[in-house]
Asker: 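Here's a structure for you.
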Amino acid sequence: MSLQLYDTATRSVRDFVPREAGKVGIYLCGVTVQSPPHIGHLRSGVNYDVLRRWLEYRGLEVRFIRNITDIDDKVLARAVAEAVPYWSIAYRNERLLDDAYDAVGVRLPTYEPRATGHIPEIQALIQRLIDRDHAYATDTGEVYFDVSSYADYGALSGQRPDEMRSGEETAPGKRSPLDFALWKGVKPTEPADAYWPSPWGRGRPGWHIECSAMTWRYLGEEFDIHGGGLDIRFPHHENEIAQSRAAGFGFARYWVHNGPLNLGGEKMSKSLGNVVDLPSLAARGLRPAEVRYYLSAPHYRSVIDYSEAALDEAAAAYRRIEGFVQRAVERVGVVETDGVVPAGFELVMDDDLNTPQAFALVHETVRAGNTALAAGDDEAVRQALGEVLTMLGVLGLDPLTDTPAARSGLADTVDSLVALALQQREAARARRDWPAADAVRDQLKQAGVLIEDTPHGPRWTLAANATDGP
RNA sequence: GGUGGGGUGGCCGAGUGGCUUAGGCAAGGGCCUGCAAAGCCCUGUACGCGGGUUCGAUUCCCGCUCCCACCUCCA
């Protein structure tokens, strides 16, 4: 069996066949960097990171392009409000986004192009659309895409132009409310440095066109997978298709959309202001790996209704896995694996990336490993440990490097100090002075160090929320 | 009004025409332990409502209802 993906365009699960054997081109609509990222953006990043890792596991060479839209109405409005250059806003938020992605283990894309770095490509594409009678310029220096010129408009999102609410604003020279701007003329209310010269007058790109231009530049006229959040299927992706197809390009062969992350029954979004971000979760004692688990454990197309309780449960589930890995490594050392995941894991991942089932297999293996650990069956422990690490690796999680102790950078220091305390406790236990022994354990617990007795002697771990303080 | 997705045991969350009715969290019982912790074992018998198809439906079909997303900037 090979990978099957749900394709939004055909509303069906399809066998994934790369257009060029052994290679995959993916374009993911990144973020408009108008404000700091929230975990809804992270979900998107994590979902496609898993897709990419799985494609690579399957031996494909992945060219993964994730764009940054660094100029749009909101970025400019923010710049005016803060009285700073628009590009400083965009850059600041871009850095925050990349840091957040990095924290949750989303690998860097092959390239991360910015809209403003592709003005020539954008203008070339616009001119091409004008030449083909799919776009028109107005007296006011705007260029609009002529929706009526593209028969398949609405196919991706199931919208019919005649059924649509007239949400699009009208403007002088605009032929239809549905037409959308490819190029926007100078506005006196916007920063003067937000414009470039063009055949249609000074202006800047509209939303949508930058993605068509950048896919063209980095992936060619036709490529394999286009991804993004379900919420931008319309109008953004619909418009991208219209532009690129009208320009004569084959464009994306598969459309993958991740589900939204809601909060309180509503989509978490910048415009609604109901956002939760990584720093606020860190303040609650959650580690990025736990957040990644939370975001990747449900299926990528399902809705996640954010709740602290669900997040805490996910963190507990991840710690269970982590606990096994740590104990197993202490017992048998780090194992070398061949990098091949169990067949059952391949099966469920090939099935439209069924990560819930994939994690179920991880947990089943953990249980087997724990049993082996209790039975002293080191060979079985090695087996389970290797499988767990390999599966987690494909899912972008590495419990070996991302432990609380390792992150503090003081593991060795704590180890020495705890060893000292444990000597006293063992002495007390030897003379059956249980109150004294328990006092040591309680004091360590107060300090955030948990003691467990095992058949091979006591071991310590940092409490989950050790960084949280009392 | 249009389009699409969904309502699964206390909670999160997969899945399936019956067969072995995921997995995690929480709960109760047990084992282990000086006591714990961790771990292991056991227990709970779920599929929004009403019809229909079927030998049999949570799974297919129809109706209803509720929720969410999109149709306007948003991963």
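Every chain is numbered from 1 and lettered A, B, ... according to where its sequence line falls, protein lines coming before strand lines. Predicted model, so just to flag it, every value in this text is computed and none were measured.
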Asker: Please work out if A:A360 contacts a base, only the sugar-phosphate, or nothing of the nucleic acid, heavy-atom cut-off 4.0 Å.
Answerer: base

Asker: So which protein nitrogen or oxygen atoms get under 3.5 Å of nucleotides 16-21 of chain B's nitrogens or oxygens?
Answerer:
none

Asker: Of all residues at least two apart in sequence or in a different chain, which pass the side-chain hydrogen bond (donor to acceptor under 3.5 Å, both in side chains) check with A:Y218?
Answerer: A:H118

Asker: With the sugar-phosphate defined as primed atoms, P, OP1 and OP2, and the base as all remaining atoms, what B/S/- string results for nucleotides 35-40 of chain B, 5' to 3', for protein heavy atoms under 4.0 Å?
Answerer: BBBSSS

Asker: Could you state the atom-to-atom distance from CD of A:E364 to P of B:A14 in whole Å?
Answerer: 16 Å

Asker: What's A:L261 touching, base or sugar-phosphate or nothing? Going by heavy atoms closer than 4.0 Å.
Answerer: base

Asker: Reading RNA chain B from 5' onward, which residue's closest nucleotide shows up sooner: A:R301 or A:L230?
Answerer: A:R301

Asker: Counting only side-chain heavy atoms from C-beta out, which of B:G24, B:A75, B:U3 sits nearest to A:S44?
Answerer: B:A75

Asker: Could you pull out all residues at least two apart from A:R11 that satisfy salt bridge (Lys or Arg N to Asp or Glu O under 4.0 Å)?
Answerer: none

Asker: According to a cutoff of under 5.5 Å between the ring centres and under 30° between the ring planes, does A:F359 stack with the base of B:G23?
Answerer: no

Asker: What does A:G40 touch in the nucleic acid at a heavy-atom separation under 4.0 angstrom: a base, only the sugar-phosphate, or nothing?
Answerer: base

Asker: Mind checking side-chain hydrogen bond (donor to acceptor under 3.5 Å, both in side chains) for A:R233 and listing every partner two or more places apart, or none if nothing turns up?
Answerer: none

Asker: Dot-bracket for RNA chain B: what is it, with Watson-Crick or G-U pairs under 3.5 Å, [ ] where a pair crosses earlier ones, and | for a pair to another strand?
Answerer: (((((((..(((.....[....))).(((((.......)))))....(((((..]....))))))))))))....

Asker: What integer distance in Å separates A:H257:NE2 from B:G4:C1'?
Answerer: 12 Å

Asker: Which pairs of donor and acceptor atoms, one on a side chain in residues 309-318 of chain A, lie under 3.5 Å apart (sequence neighbours left out)?
Answerer:
from	atom 1	to	atom 2	distance (Å)
A:D312	OD1	A:R284	NH2	3.0
A:D312	OD2	A:R284	NH2	3.1

Asker: Assuming nearest nucleotide by heavy-atom distance, tell me which of A:I304 and A:R43 is located more 5' along RNA chain B.
Answerer: A:I304

Asker: Over 60° means perpendicular and under 30° means parallel, so tell me whether A:F251 and A:W255 are parallel, tilted or perpendicular.
Answerer: tilted

Asker: Taking salt bridge (Lys or Arg N to Asp or Glu O under 4.0 Å) as the test, write out the residues that go with A:R63, two or more places apart.
Answerer: none

Asker: Students often get this wrong, so: under 4.0 angstrom with heavy atoms, is A:N47 touching a base, only sugar-phosphate, or nothing?
Answerer: nothing

Asker: Looking at residues at least two apart in the chain, or sitting in another chain, which of them share a salt bridge (Lys or Arg N to Asp or Glu O under 4.0 Å) with A:D49?
Answerer: A:R53, A:R292

Asker: Heavy atoms only, 4.0 Å cut-off, all strands: where does A:G154 land among base, sugar-phosphate and nothing?
Answerer: nothing

Asker: Among residues at least two apart in sequence or on other chains, which ones pass salt bridge (Lys or Arg N to Asp or Glu O under 4.0 Å) with A:D277?
Answerer: none

Asker: Using a 4.0 Å heavy-atom cut-off, does A:P298 contact any base of the nucleic acid, only the sugar-phosphate backbone, or nothing at all?
Answerer: sugar-phosphate

Asker: Considering only nitrogen or oxygen atoms on both sides, find all protein atoms under 3.5 Å from nucleotides 7-11 of chain B and state each distance.
Answerer:
from	atom 1	to	atom 2	distance (Å)
B:C11	O2	A:E313	OE1	3.3
B:C11	O2	A:E313	OE2	3.3

Asker: Would you list the pairs meeting salt bridge (charged side-chain N to carboxylate O under 4.0 Å, His left out) in which at least one residue belongs to residues 364-376 of chain A, sequence neighbours left out?
Answerer: none

Asker: Establish, yes or no, whether the cationic atom of A:R66 lies under 6.0 Å from the six-membered ring centre of A:Y48 and within 45° of the ring axis.
Answerer: no

